[in-house]
*Asks:* 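Can you keep this structure in mind? I'll have questions shortly.
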Amino acid sequence: MAKQNSKQNEPGPLLTVTGLKTWFETSDQTVRAVDGVDFTINKGETFALLGESGCGKSMTSLSLMRLVPEPAGRIVAGSVKLHDEDLLQHTEKQMRNVRGKRIAMIFQEPMTSLNPVLTIGRQIRETVSRHSRFGDFSAKKRTLELLEAVGIPDPKRRYEEYPHQLSGGMKQRVMIAIALAGDPELLIADEPTTALDVTIQAQVLDLLKKLQKDTGMAIMLITHDLGVVAKMADRVAVMYAGQIVEQADRNQFFSNPQHPYSKKLFDSLPTMTKRDQHLAVIRGSVPSLAQVFKGCRFEPRCDYAWDVCRNLVPRWCDTNNGGGALCHLLDPEQERPAKTPDEKTKAVETEAVIRKISAAKTQLLHVDGLKIHFPVQKGLFKRTVGFVKAVDDLSLEIPKGKTLALVGESGCGKTTVGKGILQLVRPTAGCVKLEDVQLNRLKPKELRGKRRDVQIIFQDPFSSMNPRMMVKDIIEEGMIAQKVGGDAKQRETRVEELLEQVGLSAEHKLRYPHEFSGGQRQRICIARALAVEPKLIICDEPTSALDVSVQAQILNLLKDLQVKLGLSYLFITHNLSVVEYLAHEIAVMYLGRIVEYGQVEEVMNNPMHPYTKALLSAVPTIENDGREVIKLRGEMPSPVNPPVGCHFNPRCAHAKQKCRNGYPDPHAVTETHKVRCFLYD
Amino acid sequence: MQHFLITRLASAAIVVFGVTSLVFFMIHLIPGDPVEVMLGESARVADRENLRHALGLDRPVLVQWLDYLYHIARLDFGVSLHSKESITSILLMHIPATIELTLIALLFAIVISLPLGILAALNKNSGWDRAAMTVSLLGVSIPNFLMGPLLILLFSMYLGWLPVSGRDAPESVILPALTLGTAMAAILSRMVRATLLEVINEDYIRTARAKGLSRFRVILLHALPNTLLPVITLLGLQLGALLAGAVITEVVFSWPGIGQLTIDAIHKRDYPLVQSCILLISLTYVLVNIATDILYCVADPRIRLGQES
């Protein structure tokens, strides 16, 4: 180990990839998932591979490990040199001594990446034994050390536990322990925190940084999140359609991105400062990789494209700061076009309009003292032994034409609030009032008629539509049920209007959901919600399954529709940058209760509750402002048995005796800004 | 685990009670009078009444039912109408033969299906795969009453290796067990193949490969345990089908088990014996199901330890 570390300490290249091509053969075409990729990872550095879904970044990493799914996928060309050995020339048996020992890997989904029927101790020890000469006893000792090193409390007990007994963050720590077991020179982390909450993401990223410092290993970080790149990376490579289109040092990349695609990625990020504008979108979609490209792959979507881009494949051009990009704009041999289009002119000032419309604030939705408790049943006769207090005494209001963001980590009850408002789950207590009608008092038949006023858009557009129904039928179904939209002919016209309103075209009505991309499907879901002319739409994480550039399209659409139709939104999300951009008011939820509530500017600029502060600081941002991340201890407790007193007290740095005795009452900071914390009593 | 067992056994007790009562009332609903069957149509009315009284059939149905339950609880199934022997001892005489046949058939099924399914899955779409799946298709399609005589023709008549029928020599069990086991082996091997194909695409298999483990270890230690979970469920369900198949197979091979006993009893209108046989077969179903649940529970920590600690 010592020898290896000293070797790693000398700077220099660790892994050199040249001309890597990984193709997939299907029955009728060849998909060039990775199509000529070159990069170098230096010893001890963090190299980020950034790209949107389907760009080939995961396939690149699997190619390095020679784990491409065979026989469909095949590495057809290139070399992958670890020091001086070409891994692509290794036999399968030689590769097994590289995998887990010299290059280790962690994956996106900690939930499914561990074997459910083996104890975690055994799964870690297996790698320890495989790559060392430890006997059983020392292998176990080493395993316990590893569990300790990745910050798992009480390693002896955890050693005997199974994956399902651990939370998502803990499982990812176990994955990291497995990866560390062979003391690797390179750790490939494929979207390691995408499936985790922000506060847990902050913990895991910190852990990776610390381990890198301790062991001197290099990290190849694969991600779609610019914030994570900014926090972690030394160097960045941007991947698009199977190729690396730009490489640069982190600071260089964030201050001055070169490739038009990189620039667009920055522009499409939602932030507070862009509130009054449309977000930039990348028009069109990623090209099919089953073709041979004549020109630049990004040309059809590029604002700067001219003739040359269509007809000549761009070559790699070094920039003066050590980076480079695959773009004709940087090529001194290509004549630049006289005019560069100015996409800023397309931005529409929407916010001003909204402010004018709703100057007179009328409340649309009143939720007062909402409680949703689920019984916990046990035993032969299903006795009720307790309650999961998913939502516990929650009150909120949404004005007409405004957006309230309900923010919190997974398991805090935010989705249940949405269901409770829709009466999909009947509240245990409290009152849900839409204008003058108390929804939770309605009989099922009366409620059915009222359903047209409140609609919902779900998180996953891939599973929220019936795959056997045509788009037209999906959109029309609600209109028929609610008897709106006139006769069949009029309804059809309305469906066409709606499709165009959400940015699709009328002929899409006769297609099926699987023919559309994720972003397009979410548009269909929005059209379905709009079909019955609702007053309130509950958006349950509508963009979290989408890429940043597609997210921008959906956010723009939601904003436009709000202005045009005067809609109100309850926007349920964990993504705080979306909140800043879209919402007017914000409610932060923790374990079934709202801990802070106020105007977006108030809460974002002046968070009062320790939880809000921690949540805001945990979000990795692209501005390197040197602010300190407030670390939270542990994880959110189970709502079956919430901590006595203030639910947040076991994780709070400011907890006093008082906090353990009772739950704080709301304290008004300003007329609109309320916080529930004893610090301000 | 303990909690699970108690719940499971308690609900099984309820099922057993229900099955027992159902069998009782079913027999009473079937048209025909046992007394008439025993004495013949020409018997005198007084004789009939005497016999009816002696058998307790003149009491109210509810009383008969309670009496029946009381005796069953003491494992007293009454006396055969035909041979006048105690039914308990008749059953005990026939049970070992059926258990032997079923267990050996099960063993055959597992020994054939596991390698076949694994081989097919690991060489998907190859000649191996196609051959294995064709064989299993044949296995499912050929019914026991055809498979039995075919095997007898080949191994007993033509080759003369194995006895035609009966249970006189140890090797007698081979042909009936093979007949009974093939259909099950066929279904099982398809299940093993399909499940294994699914499992090897799971993320944790990729994790195992990324650890640098050999293909053999990955399949044996990581893929197979997960493959067996759904297979255990199917095994439980199929064991029930095996019992039903045993009735036919036992008749074909004159195997002196419960199946043949049942058919005989039906032919001879031996009501108490038929009733007891049906009861025995139903109870076996219940027991097999409990055993399956327990096995599943042992094999899957997610069920053993409950979701989310």
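First the proteins, then the strands, lettered A, B, ... as listed; each starts at 1. If you're wondering where the values come from, they're calculated on a predicted model, not measured in any experiment. Only heavy atoms go into these numbers, but all of them, side chains included; no hydrogens, no water, no symmetry mates.
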*Asks:* Among Q123(A), M95(A), K93(A), E126(A), which residue has the highest count of heavy-atom pairs closer than 4.5 Å to chain B?
*Replies:*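 With the most close heavy-atom pairs to chain B, the winner is E126(A).
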*Asks:* Report which part of A299(B) has an atom under 4.5 Å of a heavy atom belonging to chain A: side chain, backbone, both, or neither.
*Replies:*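 Contact with chain A is through the backbone of A299(B) alone.
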*Asks:* Please classify the contact between M175(A) and chain B as side chain, backbone, both or neither, with a heavy-atom cut-off of under 4.5 Å.
*Replies:*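 Contact with chain B: side chain only.
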*Asks:* So which part of R8(B) gets closer than 4.5 Å to some heavy atom of chain A, the side chain, the backbone, both or neither?
*Replies:*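 It is neither, since no heavy atom gets under 4.5 Å.
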*Asks:* Between L114(A) and chain B, with a heavy-atom cut-off of 4.5 Å, which part of the residue counts as in contact: side chain, backbone, both or neither?
*Replies:*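 Just the backbone, heavy atoms under 4.5 Å.
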*Asks:* With a distance cut-off below 6.0 Å to the six-membered ring centre and an angular limit of 45° from the axis, does R206(B) pair with F107(A) as a cation-pi contact?
*Replies:*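 Flagged: R206(B) positioned over aromatic ring of F107(A).
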*Asks:* If you count heavy-atom pairs within less than 4.5 Å of chain A, which of L221(B), I205(B), T207(B) leads?
*Replies:*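 Highest number of heavy-atom pairs under 4.5 Å: T207(B).
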*Asks:* Is chain B contacted by the side chain of L62(A), its backbone, both, or neither, given a heavy-atom distance below 4.5 Å?
*Replies:*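 The side chain, not the backbone.
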*Asks:* State the NZ-CE distance between K57(A) and M220(A), to the nearest 0.5 angstrom.
*Replies:*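 If we round to the nearest 0.5 Å, K57(A):NZ and M220(A):CE are 11.0 Å apart.
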*Asks:* Select one option (side chain, backbone, both, neither) describing which atoms of L213(B) are under 4.5 Å from chain A's heavy atoms.
*Replies:*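 Its backbone and side chain both get close to chain A.
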*Asks:* Consider only side-chain N and O atoms of N123(B) and R130(B), and report whether a donor and an acceptor are under 3.5 Å apart.
*Replies:*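 N123(B) vs R130(B): no donor-acceptor pair found between side chains.
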*Asks:* Assess whether salt bridge (Lys or Arg N to Asp or Glu O under 4.0 Å) is satisfied between K171(A) and E109(A), documenting all intermediate values.
*Replies:* CA-CA 9 Å; K171(A) 280 185 214 170; E109(A) 280 292 341; over 6 Å; no
*Asks:* Test salt bridge (Lys or Arg N to Asp or Glu O under 4.0 Å) on D300(B) and R302(B) and set out the steps.
*Replies:* CA-CA 5 Å; D300(B) 193 341; R302(B) 283 166 294 187; 3.1 Å; yes
*Asks:* Just wondering, more than 12 heavy atoms not from F25(B) lying within 6.0 Å of its CZ?
*Replies:*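 Yes, the 6.0 Å shell around CZ holds more than 12 heavy atoms from other groups.
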